[in-house]
Number of protein chains: 2
Amino acid sequence: MILKSQVEWALHCCAVLAGLPEGRYLSTKALAEFHGLPKEYLSKALQSLSQAKLVESTLGPSGGYRLARPASEVSFLDVVEAVEGKERSFVCSNIRANNPCRPEGFCDTGPCAIARIMWEADAAWRAKLRGVSLAALIQTLEQEVPPALWRSSGEWVKRRAG
Amino acid sequence: MILKSQVEWALHCCAVLAGLPEGRYLSTKALAEFHGLPKEYLSKALQSLSQAKLVESTLGPSGGYRLARPASEVSFLDVVEAVEGKERSFVCSNIRANNPCRPEGFCDTGPCAIARIMWEADAAWRAKLRGVSLAALIQTLEQEVPPALWRSSGEWVKRRAG
DNA sequence: CTAAATAAGGATATGAATTGTCCTTATTTA
DNA sequence: TAAATAAGGACAATTCATATCCTTATTTAG
Ligand code: SF4
Ligand code: SF4
(Lines give C-alpha, C1' and ligand atoms only; values in the text may rest on other atoms or scores of the structure.)
(Ligands and ions follow the chains in the order given, each with its own letter.)
Protein backbone atom coordinates (compact mmCIF):
# COMPACT_ATOMS: atom_id res chain seq x y z
CA MET A 1 0.00 0.00 0.00
CA ILE A 2 2.20 2.79 -1.30
CA LEU A 3 1.02 6.26 -2.25
CA LYS A 4 1.84 7.20 -5.80
CA SER A 5 4.87 9.37 -6.33
CA GLN A 6 2.57 11.99 -7.79
CA VAL A 7 1.48 12.72 -4.22
CA GLU A 8 5.00 13.77 -3.33
CA TRP A 9 5.27 15.76 -6.54
CA ALA A 10 1.96 17.54 -5.95
CA LEU A 11 2.92 18.47 -2.39
CA HIS A 12 6.25 19.87 -3.54
CA CYS A 13 4.59 21.83 -6.33
CA CYS A 14 1.99 23.25 -3.97
CA ALA A 15 4.73 24.30 -1.59
CA VAL A 16 6.43 26.18 -4.41
CA LEU A 17 3.18 27.74 -5.61
CA ALA A 18 2.43 28.85 -2.07
CA GLY A 19 5.59 30.95 -2.14
CA LEU A 20 4.74 32.61 -5.43
CA PRO A 21 4.28 36.40 -5.55
CA GLU A 22 0.63 37.42 -5.50
CA GLY A 23 -1.15 36.90 -8.81
CA ARG A 24 1.73 35.30 -10.71
CA TYR A 25 1.70 31.90 -12.41
CA LEU A 26 4.34 29.19 -12.66
CA SER A 27 4.38 26.82 -15.61
CA THR A 28 4.55 23.04 -15.66
CA LYS A 29 7.90 23.37 -17.40
CA ALA A 30 9.38 25.42 -14.57
CA LEU A 31 7.96 23.13 -11.89
CA ALA A 32 9.34 20.10 -13.69
CA GLU A 33 12.79 21.64 -13.99
CA PHE A 34 12.82 22.76 -10.38
CA HIS A 35 12.08 19.23 -9.15
CA GLY A 36 13.85 17.26 -11.86
CA LEU A 37 10.65 15.54 -12.96
CA PRO A 38 9.27 14.48 -16.35
CA LYS A 39 7.23 17.43 -17.55
CA GLU A 40 4.51 15.47 -19.35
CA TYR A 41 3.79 13.19 -16.43
CA LEU A 42 3.98 15.89 -13.80
CA SER A 43 1.39 17.65 -15.92
CA LYS A 44 -1.10 14.92 -15.04
CA ALA A 45 -0.66 15.60 -11.35
CA LEU A 46 -1.16 19.31 -11.88
CA GLN A 47 -4.27 18.60 -13.89
CA SER A 48 -5.59 16.64 -10.92
CA LEU A 49 -4.97 19.63 -8.68
CA SER A 50 -6.73 21.83 -11.20
CA GLN A 51 -9.75 19.55 -11.43
CA ALA A 52 -9.95 19.59 -7.63
CA LYS A 53 -10.03 23.40 -7.79
CA LEU A 54 -6.92 23.69 -5.63
CA VAL A 55 -5.06 25.60 -8.32
CA GLU A 56 -6.04 27.90 -11.16
CA SER A 57 -4.37 27.89 -14.54
CA THR A 58 -3.98 30.25 -17.41
CA LEU A 59 -2.72 29.71 -20.94
CA GLY A 60 -0.14 31.32 -23.15
CA PRO A 61 3.37 32.61 -22.50
CA SER A 62 3.63 33.57 -18.83
CA GLY A 63 0.85 31.09 -18.18
CA GLY A 64 0.88 28.28 -15.67
CA TYR A 65 -0.57 27.57 -12.25
CA ARG A 66 -1.20 29.37 -9.00
CA LEU A 67 -3.06 28.45 -5.82
CA ALA A 68 -6.78 29.03 -6.04
CA ARG A 69 -7.03 29.74 -2.29
CA PRO A 70 -4.81 31.15 0.45
CA ALA A 71 -2.15 28.64 1.53
CA SER A 72 -3.70 28.62 4.99
CA GLU A 73 -6.87 27.17 3.49
CA VAL A 74 -5.33 24.30 1.55
CA SER A 75 -4.64 21.21 3.60
CA PHE A 76 -2.38 18.25 2.97
CA LEU A 77 -5.53 16.17 2.71
CA ASP A 78 -6.82 18.36 -0.10
CA VAL A 79 -3.66 17.73 -2.10
CA VAL A 80 -3.42 14.03 -1.30
CA GLU A 81 -7.06 13.40 -2.16
CA ALA A 82 -6.80 15.38 -5.38
CA VAL A 83 -4.10 13.04 -6.61
CA GLU A 84 -4.85 9.79 -4.84
CA GLY A 85 -8.63 9.97 -4.73
CA LYS A 86 -11.08 10.07 -1.87
CA GLU A 87 -11.72 6.35 -1.71
CA ARG A 88 -10.90 4.63 1.57
CA SER A 89 -7.83 2.44 1.59
CA PHE A 90 -9.72 -0.60 2.88
CA VAL A 91 -12.28 -1.94 0.47
CA CYS A 92 -14.70 -4.59 1.63
CA SER A 93 -15.48 -7.28 -0.90
CA ASN A 94 -18.16 -8.59 1.42
CA ILE A 95 -16.75 -12.08 1.78
CA ARG A 96 -18.99 -12.73 4.75
CA ALA A 97 -21.70 -13.22 2.15
CA ASN A 98 -19.98 -16.48 1.18
CA ASN A 99 -20.46 -18.02 4.62
CA PRO A 100 -21.97 -21.46 3.97
CA CYS A 101 -24.06 -21.20 7.13
CA ARG A 102 -26.07 -18.30 5.82
CA PRO A 103 -29.73 -18.82 5.20
CA GLU A 104 -30.83 -18.18 1.59
CA GLY A 105 -31.62 -14.55 0.89
CA PHE A 106 -30.01 -13.39 4.10
CA CYS A 107 -29.25 -9.70 3.91
CA ASP A 108 -26.66 -7.89 6.00
CA THR A 109 -27.46 -4.66 7.72
CA GLY A 110 -24.61 -2.30 7.04
CA PRO A 111 -20.87 -2.79 7.20
CA CYS A 112 -19.43 -5.16 9.76
CA ALA A 113 -17.03 -4.44 12.60
CA ILE A 114 -13.93 -5.29 10.59
CA ALA A 115 -14.69 -2.74 7.92
CA ARG A 116 -15.71 -0.13 10.47
CA ILE A 117 -12.45 -0.46 12.38
CA MET A 118 -10.37 -0.24 9.23
CA TRP A 119 -12.34 2.82 8.17
CA GLU A 120 -11.81 4.47 11.54
CA ALA A 121 -8.07 4.11 11.07
CA ASP A 122 -8.42 5.59 7.62
CA ALA A 123 -10.36 8.50 9.13
CA ALA A 124 -7.57 9.08 11.66
CA TRP A 125 -5.06 9.25 8.81
CA ARG A 126 -7.16 11.77 6.97
CA ALA A 127 -7.80 13.83 10.09
CA LYS A 128 -4.06 14.19 10.61
CA LEU A 129 -3.61 15.36 7.02
CA ARG A 130 -6.57 17.70 7.25
CA GLY A 131 -4.95 19.41 10.22
CA VAL A 132 -1.88 20.63 8.36
CA SER A 133 -2.11 23.49 5.88
CA LEU A 134 0.30 24.54 3.18
CA ALA A 135 0.88 27.71 5.21
CA ALA A 136 2.05 25.63 8.15
CA LEU A 137 4.32 23.67 5.84
CA ILE A 138 5.91 26.81 4.43
CA GLN A 139 6.49 28.13 7.91
CA THR A 140 8.31 24.96 8.93
CA LEU A 141 10.31 24.82 5.73
CA GLU A 142 11.41 28.42 6.11
CA GLN A 143 12.86 27.55 9.51
CA GLU A 144 14.55 24.38 8.34
CA VAL A 145 15.87 25.06 4.87
CA PRO A 146 19.29 26.79 4.93
CA PRO A 147 18.73 30.54 4.36
CA ALA A 148 20.96 30.72 1.29
CA LEU A 149 19.13 27.89 -0.42
CA TRP A 150 15.75 29.27 0.59
CA ARG A 151 16.61 32.65 -0.89
CA SER A 152 18.11 31.40 -4.13
CA SER A 153 15.15 29.07 -4.66
CA GLY A 154 12.75 31.94 -4.10
CA GLU A 155 14.58 34.00 -6.68
CA TRP A 156 14.70 31.15 -9.17
CA VAL A 157 10.94 30.80 -8.88
CA LYS A 158 10.32 34.54 -9.24
CA ARG A 159 12.47 34.63 -12.37
CA ARG A 160 10.35 31.89 -13.92
CA ALA A 161 6.97 33.14 -12.73
CA GLY A 162 4.98 34.70 -15.54
CA MET B 1 -3.60 3.46 -2.42
CA ILE B 2 -5.66 0.36 -1.77
CA LEU B 3 -4.82 -2.36 0.75
CA LYS B 4 -4.57 -5.79 -0.78
CA SER B 5 -7.58 -8.02 -0.44
CA GLN B 6 -5.40 -10.42 1.52
CA VAL B 7 -5.70 -7.98 4.43
CA GLU B 8 -9.43 -8.51 4.52
CA TRP B 9 -8.96 -12.25 4.19
CA ALA B 10 -6.38 -12.38 6.97
CA LEU B 11 -8.59 -10.41 9.34
CA HIS B 12 -11.55 -12.68 8.67
CA CYS B 13 -9.42 -15.77 9.16
CA CYS B 14 -8.02 -14.46 12.41
CA ALA B 15 -11.52 -13.72 13.63
CA VAL B 16 -12.48 -17.31 12.94
CA LEU B 17 -9.34 -18.71 14.52
CA ALA B 18 -9.98 -16.56 17.59
CA GLY B 19 -13.25 -18.42 18.09
CA LEU B 20 -11.66 -21.85 17.82
CA PRO B 21 -11.82 -24.25 20.80
CA GLU B 22 -8.61 -24.26 22.81
CA GLY B 23 -5.81 -26.21 21.17
CA ARG B 24 -7.58 -27.11 17.92
CA TYR B 25 -6.46 -26.28 14.41
CA LEU B 26 -8.36 -25.15 11.33
CA SER B 27 -7.06 -25.94 7.85
CA THR B 28 -6.57 -23.63 4.88
CA LYS B 29 -9.16 -25.70 3.06
CA ALA B 30 -11.80 -25.05 5.72
CA LEU B 31 -10.96 -21.35 5.94
CA ALA B 32 -11.16 -21.03 2.16
CA GLU B 33 -14.52 -22.78 2.03
CA PHE B 34 -15.91 -20.72 4.88
CA HIS B 35 -15.04 -17.47 3.13
CA GLY B 36 -15.47 -18.57 -0.47
CA LEU B 37 -11.85 -17.83 -1.35
CA PRO B 38 -9.29 -19.53 -3.60
CA LYS B 39 -7.49 -21.99 -1.34
CA GLU B 40 -4.06 -21.74 -2.94
CA TYR B 41 -3.97 -17.98 -2.82
CA LEU B 42 -5.45 -17.66 0.66
CA SER B 43 -2.64 -19.98 1.68
CA LYS B 44 -0.14 -17.20 0.90
CA ALA B 45 -1.87 -14.89 3.35
CA LEU B 46 -1.85 -17.55 6.05
CA GLN B 47 1.82 -18.15 5.42
CA SER B 48 2.41 -14.46 6.01
CA LEU B 49 0.59 -14.71 9.34
CA SER B 50 2.69 -17.74 10.19
CA GLN B 51 5.96 -15.99 9.33
CA ALA B 52 4.91 -13.10 11.54
CA LYS B 53 4.38 -15.58 14.36
CA LEU B 54 0.74 -14.60 14.76
CA VAL B 55 -0.42 -18.14 14.11
CA GLU B 56 1.02 -21.60 14.60
CA SER B 57 0.59 -24.43 12.17
CA THR B 58 0.76 -28.20 12.23
CA LEU B 59 0.81 -30.76 9.45
CA GLY B 60 -1.14 -33.86 8.61
CA PRO B 61 -4.82 -34.69 8.82
CA SER B 62 -6.41 -32.52 11.50
CA GLY B 63 -3.63 -30.04 10.86
CA GLY B 64 -4.03 -26.35 10.11
CA TYR B 65 -3.65 -23.06 11.93
CA ARG B 66 -4.42 -21.62 15.33
CA LEU B 67 -3.59 -18.33 17.01
CA ALA B 68 -0.15 -18.28 18.58
CA ARG B 69 -1.25 -15.81 21.27
CA PRO B 70 -4.45 -14.96 23.14
CA ALA B 71 -6.84 -12.96 20.96
CA SER B 72 -6.51 -10.07 23.37
CA GLU B 73 -2.85 -9.81 22.49
CA VAL B 74 -3.17 -9.74 18.72
CA SER B 75 -3.98 -6.34 17.27
CA PHE B 76 -5.38 -5.33 13.91
CA LEU B 77 -2.01 -3.74 13.25
CA ASP B 78 -0.25 -7.06 13.76
CA VAL B 79 -2.42 -8.68 11.12
CA VAL B 80 -2.31 -5.79 8.68
CA GLU B 81 1.46 -5.48 8.91
CA ALA B 82 1.94 -9.22 8.55
CA VAL B 83 0.22 -9.13 5.19
CA GLU B 84 0.88 -5.63 3.95
CA GLY B 85 4.33 -5.04 5.37
CA LYS B 86 5.65 -2.52 7.85
CA GLU B 87 6.80 0.04 5.32
CA ARG B 88 5.26 3.48 5.54
CA SER B 89 2.74 4.39 2.88
CA PHE B 90 4.57 7.58 1.89
CA VAL B 91 7.96 7.02 0.34
CA CYS B 92 10.23 9.97 -0.24
CA SER B 93 12.21 9.86 -3.45
CA ASN B 94 14.14 12.90 -2.28
CA ILE B 95 13.26 15.12 -5.20
CA ARG B 96 14.47 18.17 -3.32
CA ALA B 97 17.94 16.94 -4.27
CA ASN B 98 17.15 17.97 -7.85
CA ASN B 99 16.70 21.63 -6.96
CA PRO B 100 18.85 23.53 -9.46
CA CYS B 101 19.70 26.14 -6.83
CA ARG B 102 21.56 23.67 -4.67
CA PRO B 103 25.24 24.14 -4.22
CA GLU B 104 27.36 21.19 -5.39
CA GLY B 105 27.77 18.51 -2.76
CA PHE B 106 25.01 19.96 -0.61
CA CYS B 107 23.80 17.36 1.85
CA ASP B 108 20.43 17.38 3.57
CA THR B 109 20.11 16.80 7.25
CA GLY B 110 17.33 14.31 7.76
CA PRO B 111 13.88 14.11 6.24
CA CYS B 112 12.05 17.30 5.40
CA ALA B 113 8.77 18.61 6.74
CA ILE B 114 6.68 17.10 3.96
CA ALA B 115 7.87 13.60 4.67
CA ARG B 116 7.56 14.06 8.43
CA ILE B 117 3.95 15.19 8.16
CA MET B 118 3.02 12.30 5.90
CA TRP B 119 4.70 9.91 8.29
CA GLU B 120 2.84 11.35 11.26
CA ALA B 121 -0.43 10.62 9.50
CA ASP B 122 0.79 7.11 8.83
CA ALA B 123 1.62 6.75 12.52
CA ALA B 124 -1.88 7.87 13.46
CA TRP B 125 -3.32 5.19 11.19
CA ARG B 126 -1.15 2.53 12.78
CA ALA B 127 -1.94 3.74 16.29
CA LYS B 128 -5.64 3.31 15.61
CA LEU B 129 -5.09 -0.23 14.38
CA ARG B 130 -2.79 -1.05 17.26
CA GLY B 131 -5.56 -0.10 19.67
CA VAL B 132 -7.99 -2.77 18.56
CA SER B 133 -7.44 -6.43 19.44
CA LEU B 134 -8.99 -9.53 17.95
CA ALA B 135 -10.70 -10.05 21.29
CA ALA B 136 -12.40 -6.69 20.97
CA LEU B 137 -13.44 -7.58 17.43
CA ILE B 138 -14.98 -10.87 18.51
CA GLN B 139 -16.88 -9.13 21.26
CA THR B 140 -18.38 -6.65 18.81
CA LEU B 141 -19.17 -9.31 16.25
CA GLU B 142 -20.93 -11.46 18.84
CA GLN B 143 -23.23 -8.54 19.58
CA GLU B 144 -23.89 -7.70 15.96
CA VAL B 145 -24.14 -11.00 14.11
CA PRO B 146 -27.61 -12.54 14.31
CA PRO B 147 -27.53 -15.24 17.03
CA ALA B 148 -28.63 -18.06 14.74
CA LEU B 149 -25.90 -17.30 12.23
CA TRP B 150 -23.33 -16.88 14.98
CA ARG B 151 -24.20 -20.26 16.45
CA SER B 152 -24.33 -22.18 13.19
CA SER B 153 -21.03 -20.67 12.09
CA GLY B 154 -19.45 -21.68 15.38
CA GLU B 155 -20.65 -25.22 14.90
CA TRP B 156 -19.47 -25.35 11.32
CA VAL B 157 -16.01 -24.32 12.46
CA LYS B 158 -15.94 -26.83 15.31
CA ARG B 159 -16.92 -29.61 12.93
CA ARG B 160 -14.02 -28.77 10.67
CA ALA B 161 -11.47 -28.11 13.40
CA GLY B 162 -8.96 -30.91 13.70
C1' DC C 1 -2.11 40.40 -36.29
C1' DT C 2 1.00 36.51 -35.82
C1' DA C 3 3.73 33.25 -33.68
C1' DA C 4 5.17 31.11 -29.61
C1' DA C 5 3.94 29.22 -25.23
C1' DT C 6 0.90 27.02 -22.59
C1' DA C 7 -2.98 23.85 -20.20
C1' DA C 8 -5.83 20.03 -21.16
C1' DG C 9 -6.38 15.70 -22.31
C1' DG C 10 -6.48 11.41 -25.48
C1' DA C 11 -3.81 7.41 -26.99
C1' DT C 12 -0.53 4.28 -26.09
C1' DA C 13 3.64 1.97 -24.30
C1' DT C 14 6.29 0.05 -20.38
C1' DG C 15 7.02 -1.84 -15.99
C1' DA C 16 5.71 -3.33 -11.48
C1' DA C 17 2.53 -5.14 -8.24
C1' DT C 18 -1.45 -7.78 -7.26
C1' DT C 19 -4.05 -11.72 -7.95
C1' DG C 20 -4.36 -16.37 -9.04
C1' DT C 21 -2.98 -21.28 -10.41
C1' DC C 22 -0.17 -25.31 -10.39
C1' DC C 23 3.21 -28.23 -8.74
C1' DT C 24 6.76 -30.38 -5.48
C1' DT C 25 8.44 -31.47 -0.88
C1' DA C 26 8.47 -32.64 3.83
C1' DT C 27 5.76 -33.70 7.81
C1' DT C 28 2.21 -35.50 10.65
C1' DT C 29 -1.66 -38.02 11.90
C1' DA C 30 -5.37 -41.37 11.08
C1' DT D 1 1.19 -47.02 5.08
C1' DA D 2 -1.60 -43.73 2.96
C1' DA D 3 -4.00 -39.52 3.15
C1' DA D 4 -3.97 -34.78 4.54
C1' DT D 5 -1.64 -30.92 5.32
C1' DA D 6 1.75 -26.50 5.49
C1' DA D 7 5.36 -24.44 2.95
C1' DG D 8 6.93 -22.54 -0.80
C1' DG D 9 8.77 -22.25 -5.78
C1' DA D 10 7.46 -21.26 -10.50
C1' DC D 11 4.71 -19.02 -13.44
C1' DA D 12 0.44 -16.86 -15.82
C1' DA D 13 -3.13 -13.20 -15.95
C1' DT D 14 -4.67 -8.96 -14.69
C1' DT D 15 -4.55 -4.48 -12.97
C1' DC D 16 -2.35 -0.25 -11.88
C1' DA D 17 1.43 3.14 -11.80
C1' DT D 18 4.56 5.36 -14.62
C1' DA D 19 5.92 7.54 -18.71
C1' DT D 20 5.87 9.32 -23.48
C1' DC D 21 3.82 11.31 -27.49
C1' DC D 22 0.53 13.84 -29.90
C1' DT D 23 -3.47 17.06 -30.87
C1' DT D 24 -6.37 21.00 -29.71
C1' DA D 25 -7.76 25.34 -27.99
C1' DT D 26 -6.38 29.46 -25.72
C1' DT D 27 -3.65 33.29 -24.36
C1' DT D 28 -0.04 36.48 -24.35
C1' DA D 29 4.27 38.55 -26.14
C1' DG D 30 6.21 40.72 -29.79
S1 SF4 E 1 -17.04 -8.96 7.60
FE2 SF4 E 1 -16.74 -6.77 7.20
S3 SF4 E 1 -14.84 -6.61 6.03
FE4 SF4 E 1 -15.51 -8.76 5.96
S5 SF4 E 1 -16.73 -8.92 4.10
FE6 SF4 E 1 -18.15 -8.45 5.75
S7 SF4 E 1 -18.37 -6.18 5.75
FE8 SF4 E 1 -16.51 -6.71 4.54
S1 SF4 F 1 11.11 17.67 0.53
FE2 SF4 F 1 10.63 15.90 1.88
S3 SF4 F 1 9.24 14.60 0.71
FE4 SF4 F 1 10.21 16.00 -0.73
S5 SF4 F 1 11.99 14.92 -1.49
FE6 SF4 F 1 12.69 16.11 0.26
S7 SF4 F 1 12.54 14.74 2.06
FE8 SF4 F 1 11.29 13.81 0.39
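A note on names: the letters A, B, ... follow the listed sequences, proteins ahead of strands, and every chain is numbered from 1. Computed from a predicted model, the values in this text were never measured in an experiment.
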Under-4.0 Å salt bridge between [X] and [Y]:
X       : Y       : answer
E81(B)  : R126(B) : yes
E144(A) : R116(B) : yes
K39(A)  : E33(A)  : no

If you find the nucleotide of DNA chain D closest to P38(A) and the one closest to G60(A), which residue's nucleotide is nearer the 5' end?
P38(A)
Return yes if a side-chain donor-acceptor contact under 3.5 Å exists between S93(A) and E8(B), otherwise no.
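Distance-only check passes for S93(A) and E8(B).
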Do S48(B) and Q6(B) have side-chain atoms, one donor and one acceptor, less than 3.5 Å apart?
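There is no such pair (donor and acceptor under 3.5 Å, judged by atom type) between the side chains of S48(B) and Q6(B).
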Contact class for S43(A) vs. all strands (heavy atom < 4.0 Å): base, sugar-phosphate, or nothing?
nothing
Contact class for Q51(B) (heavy atom, under 4.0 Å): base, sugar-phosphate, or nothing?
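Sugar-phosphate contact only - Q51(B) comes under 4.0 Å of backbone atoms but never of a base.
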Enumerate the residues from residues 4-28 of chain B whose closest heavy atom to DNA chain D is under 4.0 Å, giving them by residue number; use none for an empty result.
S27(B), T28(B)
Taking the side chain from [X] and the backbone from [Y], do they hold a donor-acceptor pair closer than 3.5 Å?
X       : Y      : answer
R69(A)  : V74(A) : no
D78(A)  : S75(A) : yes
D122(B) : R88(B) : no
S50(B)  : L46(B) : no

More 5' along DNA chain C: K44(A) or G63(A), using each one's nearest nucleotide?
G63(A)
Expressed in angstrom and rounded to an integer, what is the separation of [X] atom [atom1] from [N] atom [atom2]?
X      : N       : atom1 : atom2 : result
Y41(A) : dG9(C)  : OH    : C1'   : 15 Å
L46(A) : dG9(C)  : CG    : P     : 12 Å
Y65(B) : dT28(C) : OH    : P     : 15 Å

With a strict under 4.0 Å distance from non-hydrogen atoms of chain B, what nucleotide opens and what nucleotide closes the contacted stretch of DNA chain D, reading 5' to 3'?
dA3(D) to dA10(D)
Specify whether F34(B) and W156(B) have parallel, tilted or perpendicular ring planes, treating 30° as the upper limit for parallel and 60° as the lower limit for perpendicular.
tilted
So, does the side chain of E40(B) form a donor-acceptor pair with the base of dG20(C) at under 3.5 Å?
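A donor-acceptor contact between them is absent.
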Expected output check: what is the dot-bracket annotation of DNA chain C, where ( ) and [ ] are pairs inside the strand (brackets for crossing ones), | is paired with another strand, and pairs are Watson-Crick or G-U under 3.5 Å?
||||||||||||||||||||||||||||||
Decide if atom CD of Q139(A) counts as having more than 12 heavy atoms of other residues, nucleotides or ligands within a radius under 6.0 Å.
no
